[in-house]
Protein chains: 2
Amino acid sequence: MSDRRTQIMEAAVRVIAEDGVRGLRVEKLAAAAEVSTALIYYHFKDRAGILRAALEHINHRAQTYTDVPATNPRTRLEQMLLRELQDTPEVRQNSIAWGELRATAAFHPDLRDSLRTTTETWNSDIAALIREAQTAGTVADSVDPTATAERLTALVEGLSERWHSGTLALPRARQLLTGAIELELTSP
Amino acid sequence: MSDRRTQIMEAAVRVIAEDGVRGLRVEKLAAAAEVSTALIYYHFKDRAGILRAALEHINHRAQTYTDVPATNPRTRLEQMLLRELQDTPEVRQNSIAWGELRATAAFHPDLRDSLRTTTETWNSDIAALIREAQTAGTVADSVDPTATAERLTALVEGLSERWHSGTLALPRARQLLTGAIELELTSP
DNA sequence: GTCTATACAGAGATAGAC
DNA sequence: GTCTATCTCTGTATAGAC
């Protein structure tokens with residue numbers, strides 16, 4: 001991928017995080033990326049192409065920025081999940097943009113494949129961590145890693161959207177998530 | 001509110017559920033409502049007015065359609081939550097439209113107040129049900145009704161969005177939710 | 001590869017009759 | 001209150017020079 005493409009995609013994340021997919025205007029994207037609209041069309045063909053590429057890009061960012069210093073698996077698990085609920089520009093941008101793409105996928109089936117892949121990757125990363133923790137003895141064997149991972153990541157998304165829509169304060173969101181992790185990992 | 005207004009708003013829910021907020025075209029709305037575009041502008045002033053009213057309308061619908069035949073509190077709780085994850089046209093429409101509303105609120109702060117109110121109502125309804133179940137002895141007293149309600153409703157929203165975006169099959173979503181309810185209501 | 005300038009379509013909004 | 005007809009503007013996309 002050329003430098004220009006990444007430059008435009010980085011700008012796309014910012015613009016989408018600010019105005020939403022719904023509010024994405026090619027001209028504004030061009031301004032944000034400091035290039036002409038024509039160049040954007042040259043690289044991405046059309047608006048749908050821009051969106052597809054932006055999704056891939058956000059996807060890629062989302063997969064990588066969650067790495068966390070290695071301590072014990074259970075702590076890493078908590079940190080990985082909590083990291084999505086942090087008020088830093090990078091996380092906020094990514095999280096908003098990611099939410100937008102999810103929402104958009106409800107109306108654009110062509111976006112779904114890559115969305116599904118990323119979600120599955122995230123789920124199985126979390127599930128793997130749970131299994132590690134089980135091996136280490138910090139989590140009970142009775143816990144179902146797959147289902148637990150699916151629930152926790154879905155909860156993160158739900159909390160995250162409430163945060164961004166102003167329905168839920170961030171500290172409360174983190175608190176609720178911590179409670180859920182506690183509950184999920186402490187078997188009956 | 002006049003009949004015409006409600007007629008148009010009912011159509012708006014359908015159109016938004018189908019195309020999203022961004023995909024809402026006044027002309028299409030007019031066709032769906034079987035009126036002229038001019039009439040819509042007459043009643044709602046401009047596109048923003050249409051949207052505001054539509055979101056209020058969705059809000060209102062969302063508050064009412066979750067009533068459930070009275071059995072014991074715990075069962076009603078499960079049914080109220082599971083009801084959001086059903087593949088009937090009405091639920092699907094409402095749920096998609098509601099998701100759109102939430103997503104849109106991230107970029108339109110003026111929508112947040114009514115959104116927050118509705119969410120809080122939902123939360124406290126669920127919390128009340130949990131307290132009832134505690135009184136009835138079906139749920140342990142150690143459960144925190146407020147936090148549990150917040151987590152469960154947020155999870156429903158997360159699962160719901162995954163369902164609509166094609167990331168998660170509906171039966172699986174229901175299964176995960178049931179599991180979460182089980183976990184939340186069965187204290188350590 | 002990248003720009004400036006521009007064509008073109010589609011959607012929001014209004015005028016004016018009934 | 002409601003319609004038909006139409007105006008205007010915004011945003012997508014392309015042509016063509018460099």
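Just so we're on the same page: letters track the sequence lines, and every chain starts at 1. Scope of the values below: all heavy atoms of this structure, side chains included, with no hydrogens, waters or symmetry mates.
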Quick one: K45(A) NZ to dT14(D) C1', roughly how many Å, whole number? 11 Å
Would you mind reading off the distance between I40(A) atom CD1 and dT14(D) atom C1', rounded to a whole angstrom? 15 Å
Nucleotide by nucleotide, nucleotides 3-11 of chain D touches protein heavy atoms under 4.0 Å in the pattern (B base, S sugar-phosphate only, - none) BB------S
Length of the line joining L51(A):CG and dT12(D):P, which is rounded to integer Å: 11 Å
Is Y42(B) close enough to dT2(D) that one of its side-chain N or O atoms is under 4.0 Å from OP1 or OP2 there? no
Could you walk me through whether E132(A) and R76(A) pass salt bridge (Lys or Arg N to Asp or Glu O under 4.0 Å), step by step? CA-CA 11 Å; E132(A) 273 188 61; R76(A) 264 164 65 213; 3.8 Å; yes
Do the charged groups of R172(B) and E150(A) touch, with an N to O distance under 4.0 Å? yes
Calculate the interatomic distance between Y41(B) atom OH and dT14(C) atom C1'; express it in whole Å. 10 Å
Are E100(B) and R22(A) close enough, and set up right, to give a salt bridge (Lys or Arg N to Asp or Glu O under 4.0 Å), and what steps lead you there? CA-CA 11 Å; E100(B) 277 289 293; R22(A) 304 159 179 74; 2.6 Å; yes
Between NE2 of H43(A) and P of dG1(C) the distance, given in whole Å, is 6 Å
Shortest non-hydrogen pair, Q7(B) vs E34(B), comes out as NE2-O, 4.5 Å
What residues, two or more places apart in sequence or in another chain, satisfy side chain to side chain donor-acceptor pair (under 3.5 Å) together with T75(B)? N72(B)
For D113(A), which residues count as a side chain to side chain donor-acceptor pair (under 3.5 Å) partner, sequence neighbours excluded? R116(A)
